[in-house]
Amino acid sequence: RKEFVDLYVNYVFNESIRKPFEDFMQGFLRGCPARKWKMFLPVELQTVLEGHKKFDWRLLEKNVTYVQYGMLDRTIRNFWTVFHKLPEEKKKMFLAFLSGSDRIPGRGLEHFRFSIVDPQVEKPDELYPCANTCKLILFLPR
């Protein structure tokens, strides 16, 4: 029985997935050559690929640039007041809305910069906030 269980486990976890895994590995290594990944420790590589999971939200606030707004504008102050009262999960949802990911890229939060822009429309109450995820811009109507 032990031999059967060992062979079965080996088949399920190794043999049955060998071909799909080799195909995946070949494609992955074509875009990301292994020689460049060898310089990372496993935990560092995980951070590079997945991004950071811990956040200093005050540092995020300090890294913002404002276009047609000032730091002391009422809309901006209200935005940050509400933002800092949100639970952690909602803050991550905002990050996903802004950037397309609920994680900060591997370089770290100190290098993560985004802009809050006033779209300058005639009727700002009729416009929802929207984001340009490629350029990390939040369009926040007054």
Test log, rule salt bridge (Lys or Arg N to Asp or Glu O under 4.0 Å), inputs Lys19 and Glu22: CA-CA 5 Å; Lys19 176 71 172 118; Glu22 286 173 357; 5.8 Å; no

Assigning hydrophobic clusters by single linkage (Ile, Leu, Val, Met, Phe, Trp, Tyr; side-chain heavy-atom cutoff under 4.5 Å), is Leu59 placed with Trp80? yes

Any side-chain heavy atom of Trp57 within less than 4.5 Å of one from Leu86? no

Which value, rounded to the nearest 0.5 Å, describes the distance between Phe24 atom CZ and Leu29 atom CG? 8.5 Å

Same cluster (ILVMFWY, side-chain, under 4.5 Å), Val67 and Ile137: yes

Student check: side-chain heavy atoms of Tyr66 and Asp73 closer than 4.5 Å: no

Check: Tyr69 side chain, Thr75 main-chain N or O, donor-acceptor pair, under 3.5 Å: no

Which distance, rounded to the nearest 0.5 Å, do you find between the CZ of Phe139 and the CD1 of Ile116? 12.0 Å

Can you tell me how far the CZ atom of Phe55 sits from the CG atom of Leu60, to the nearest 0.5 Å? 9.5 Å

Looking at Glu15 and Arg18, is there a salt bridge between them, counting it only when a charged N and a carboxylate O are closer than 4.0 Å? yes

In one Ile/Leu/Val/Met/Phe/Trp/Tyr side-chain cluster, 4.5 Å: Met39, Phe28: yes

To check you understand the geometry: which heavy-atom pair defines the closest contact between Pro141 and Pro124, and what is its length? CB-O, 3.7 Å

Given side chains that start at C-beta, do those of Arg142 and Arg74 come closer than 4.5 Å, heavy atoms only? no

Between Phe79 and Phe94, is the ring centre distance below 6.0 Å? yes

In the single-linkage hydrophobic clustering (I, L, V, M, F, W, Y; side-chain heavy atoms under 4.5 Å), do Leu127 and Leu138 co-cluster? no

Indicate yes or no: at least one non-hydrogen side-chain atom of Lys123 is less than 4.5 angstrom from one of Asp125. no

So, Ser99 side chain and Ser101 main chain: donor-acceptor pair closer than 3.5 Å or not? yes

Residue pair Val117 / Gln68, side-chain heavy-atom distance below 4.5 Å: yes

Do Phe83 and Met93 sit in one hydrophobic cluster, given that two such residues count as connected whenever their side-chain heavy atoms are within less than 4.5 Å of each other, even indirectly? no

Atom CG of Leu136 and atom CG of Leu95: how far apart are they, to the nearest 0.5 Å? 9.0 Å

If only atom types and distance count, is the side chain of Arg113 paired as donor or acceptor with the main-chain N or O of Asn63 below 3.5 Å? no

Out of curiosity, Leu98 CG to Cys130 SG, how far, rounded to the nearest 0.5 Å? 11.0 Å

Heavy-atom count check: over 12 atoms from other residues, nucleotides or ligands less than 6.0 Å from Tyr11 OH? no

Does the pair Leu7 and Glu3 meet the rule for a side-chain contact (heavy atoms from CB on, under 4.5 Å), with working shown? CA-CA 6 Å; Leu7 289 171; Glu3 182 183 2; 3.9 Å; yes

